[in-house]
Number of protein chains: 4
Amino acid sequence: MPELSAQPRWQRRAVDRPQELLQAALAEFVERGYAATRLDQVARRAGVSKGSLYRYYQNKAELFKAVVRSALIANLDEAEALASAHSGGSRELLAAFLTAFTRRVSESALSGIPKLVMAEAGNFPEIARFYFDEVIQRARNLIQGILERGVARGEFRNVDTDYAWRVVIAPLMLGILWKHTFLACEPGGFDFERHLRSHLDLLLDGLAAREA
Amino acid sequence: MPELSAQPRWQRRAVDRPQELLQAALAEFVERGYAATRLDQVARRAGVSKGSLYRYYQNKAELFKAVVRSALIANLDEAEALASAHSGGSRELLAAFLTAFTRRVSESALSGIPKLVMAEAGNFPEIARFYFDEVIQRARNLIQGILERGVARGEFRNVDTDYAWRVVIAPLMLGILWKHTFLACEPGGFDFERHLRSHLDLLLDGLAAREA
Amino acid sequence: MPELSAQPRWQRRAVDRPQELLQAALAEFVERGYAATRLDQVARRAGVSKGSLYRYYQNKAELFKAVVRSALIANLDEAEALASAHSGGSRELLAAFLTAFTRRVSESALSGIPKLVMAEAGNFPEIARFYFDEVIQRARNLIQGILERGVARGEFRNVDTDYAWRVVIAPLMLGILWKHTFLACEPGGFDFERHLRSHLDLLLDGLAAREA
Amino acid sequence: MPELSAQPRWQRRAVDRPQELLQAALAEFVERGYAATRLDQVARRAGVSKGSLYRYYQNKAELFKAVVRSALIANLDEAEALASAHSGGSRELLAAFLTAFTRRVSESALSGIPKLVMAEAGNFPEIARFYFDEVIQRARNLIQGILERGVARGEFRNVDTDYAWRVVIAPLMLGILWKHTFLACEPGGFDFERHLRSHLDLLLDGLAAREA
DNA sequence: TATGAATGAGAGTTCATTCAT
DNA sequence: TATGAATGAACTCTCATTCAT
């Protein structure tokens, strides 16, 4: 009675497959970069055969794009949600956003994505564009919005918001970079919290001593 | 009949070749990343045959390291020189340094190196370490020194200099990133001068509005 | 329309492939030596693509070692079996062994292995050592054992068995050499049987005329 | 007065060059085999530039042939000389020849040549043929002549001289082989003198015990 | 449908040979 | 004439992709 025997060996979790593949691929791509990533290894990590990959993704480049897309999309919604919680002062709002983002970077493996995008932008212009449109632009809208609101309300000085938003964001990117590039070189490790505090301190109050 | 045999098929240029090869390789590596760069293409760009590369560099990895090393070494001395010109106030000193660095990034092709290092750090730990030791650490000494001097002289607030130096540097890195990753995505281009002004403005005076 | 798509372009033969590859490689290595053997050619001879070789053997050197190992191992057991058939006089035993070995050399393609090992010993010390340990030493034990037994039983003169075994073996090696090096040069060909008879005749009774 | 200055830097010893090159090449070819020998290395060993090689030998194959030829020719005359000293008994003559040859093998670097020829015979049929004609055939004439003379004079048994000569020679070849292939594997080394004694002992008197 | 053996284009690398100097 | 930089064909090896099973 062959029919009686339960689930056929494959199809086990055909539904979860894409997710598992994306996770495995994300890890490998972040670890080694696009070119140095072996599909063989991705498949092994996901617990499937190399051939099966091609059932879900047309080829390596498509897999890569899917990885980036899916990783970003997961994050975008949360960021947006955060942004709409705009009660309170602009100062607090900005701090809240930067804090939330820093937490995320320090904790999640997803922070590998920005690094990946930067590294492969030359070979994948569409990825760069996608990231720019979906991440950078949204971040810009968010930050610049906060800045303009703050200026309008008299909480912030009248800064050049068209460019200032990048300066605001820069230490976040540096944090990502540090985590993925120089962590191994720092003997004492890197304290994200302290970095955040330093960032907020300088950003809000500047370096200059105030005369009494 | 001198005209008969026109110019020779190739020339012996043992002295200049290494430099030419490094330049060609730098351009290709920055454009495509390590793995996607074809030695064939590097050679063609330098105007030699693929085999000639191997007279000067043992293999692809060595060529890569040589590219990074030579590009960095050229820059380090100047940075150091700049640092020793320490007359004047700390505020001016800091501004001078950031300005000089921004100019360099915006003008020279060498700014591709940091991006390259970040992208390949995972596959070339020694390169990451080298960059960290020779560039990052020097920059840290420089910046942190200026900060501490400024604090000591009462020109700056008493900030956490152990971490603040990274915040100071972050917009420079973002500038590099922008140039090499997102320039093509920005319809209006990127104005390094304005970015610098914004950076200095925020860094020195902060966001917060001062009460009268 | 079954005729439309004729036989498949290739077949999966994971079980037989290694053997087929070894055979093809053996032939090529013997014919040309290690360095002059092209993997391309080995693959073609085995009826597979170049890339397939690498599924079964890590690289050329490993393929070479596998060839030598597998060729030897096949033979060793038989030799051993032969040796244990030690009934009868020592004279007959020695003759039986030399005869069996000569037959094998004259008939099998495996006799190319010793020649190969000799030729490549300089570049593959491990192969030389492997051959020495697995073949030469066994042969020595076998022959020297027969000699000592013969001496003990009064069948042989009291010869220097520590060195004599090599003299006993020498004409076998010469036979191998002849087959693989000078066969084409001998207009009348080479008669292994006659060589063997000559060998046994001289070995057992020597050259010297006996006085009545 | 530029003419006054003594010998121009090259031409130093243009006459000796070929000899020096042959020596260097012999050493390299014996050490590594034909294919693995680098002309670069040969040139360096001879103290000239790679390009200069081509002034004396058309290409690698020609150099190889010249090496073999010159190495052999040096030896042949001596062997011939030895052969003509045919006073005394056949037994002594044979012993004298084998002794002389063994000495030569154990001492000179030229014994690498036979090994080289055997190894490369497949790729250089002309070399094999040359060696066969110039060395093997002469050796055969020599040995077979001694054997026939001995038989005719009643000093030797009536052996099959057409094949016996090879059996006589075999231990010499084995000696060469041992020196160049298995020397490193023998912990106690290899005593050529003892090998020779064993050879002569067995060859002349055989293994068989004589009944009283 | 899942597998992984088989493919084959293309990469890095080597080196005999040539030729500008 | 001697040199060694430059060449380029040819090789080993890799791996994304296909397809027989």
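Here is how names work: the chains are called A, B, and so on, in the same order as the sequence lines, proteins then strands, and each is numbered from 1.
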Residue mapping more 5' on DNA chain F - nearest nucleotide basis, C:Ala35 or A:Gln58: C:Ala35
Given DNA chain F, 5'-ward residue of the pair C:Tyr34 and A:Tyr34, judged by closest heavy atom: C:Tyr34
Tell me the interatomic distance from [X], atom [atom1], to [N], atom [atom2], rounded to whole angstroms.
X: C:Leu39; N: E:dG8; atom1: CG; atom2: C1'; answer: 15 Å
X: D:Arg38; N: E:dT17; atom1: CZ; atom2: C1'; answer: 14 Å
X: B:Phe64; N: E:dT13; atom1: CZ; atom2: C1'; answer: 19 Å
X: C:Asp40; N: F:dA10; atom1: CG; atom2: P; answer: 12 Å
X: B:Lys60; N: E:dT13; atom1: NZ; atom2: P; answer: 8 Å
X: B:Leu53; N: F:dT7; atom1: CG; atom2: P; answer: 10 Å
X: D:Glu62; N: E:dA16; atom1: CD; atom2: C1'; answer: 14 Å
X: A:Glu28; N: F:dA16; atom1: CD; atom2: C1'; answer: 15 Å

B:Thr37 vs B:Trp10, nearer the 5' end of DNA chain E by closest nucleotide: B:Thr37
side-chain contact (heavy atoms from CB on, under 4.5 Å), paired with B:Leu26, selected from B:Val42, B:Val67, B:Val68: B:Val67
Steps toward salt bridge (charged side-chain N to carboxylate O under 4.0 Å, His left out) verdict (C:Arg13, C:Glu20): CA-CA 10 Å; C:Arg13 317 189 48 197; C:Glu20 296 168 2; 2.9 Å; yes
Restricting to non-hydrogen atoms, name the atom on [X] and the atom on [Y] that form the minimum distance, rounded to 0.1 Å.
X: B:Arg32; Y: B:Thr37; answer: CB-OG1, 3.8 Å
X: B:Tyr54; Y: B:Asn59; answer: CE2-CA, 3.9 Å
X: B:Asn123; Y: A:Ala36; answer: ND2-CB, 4.1 Å

A:Tyr34 and A:Phe124 aromatic centres sub-6.0 Å: yes
Would you say [X] places a side-chain N or O within less than 4.0 Å of OP1 or OP2 belonging to [N]?
X: C:Arg9; N: E:dT7; value: no
X: C:Arg13; N: E:dA5; value: no
X: B:Tyr56; N: F:dA6; value: yes
X: B:Ser49; N: F:dA6; value: no
X: B:Tyr54; N: E:dT13; value: yes
X: C:Ser52; N: E:dA5; value: no

Touch class at under 4.0 angstrom, heavy-atom based, for B:Arg12 against every strand present: base
Sugar-phosphate only, base, or nothing, as touched by D:Lys50 at under 4.0 Å among non-hydrogen atoms: base
Dot-bracket notation for DNA chain E, counting Watson-Crick and G-U pairs under 3.5 Å, with | for partners on another strand: .||||||||||||||||||||
Side chain proximity check, C:Leu63 to C:Tyr56, heavy atoms < 4.5 angstrom: no
Side-chain heavy-atom pair B:Arg17, B:Val48 within 4.5 angstrom cut-off: yes
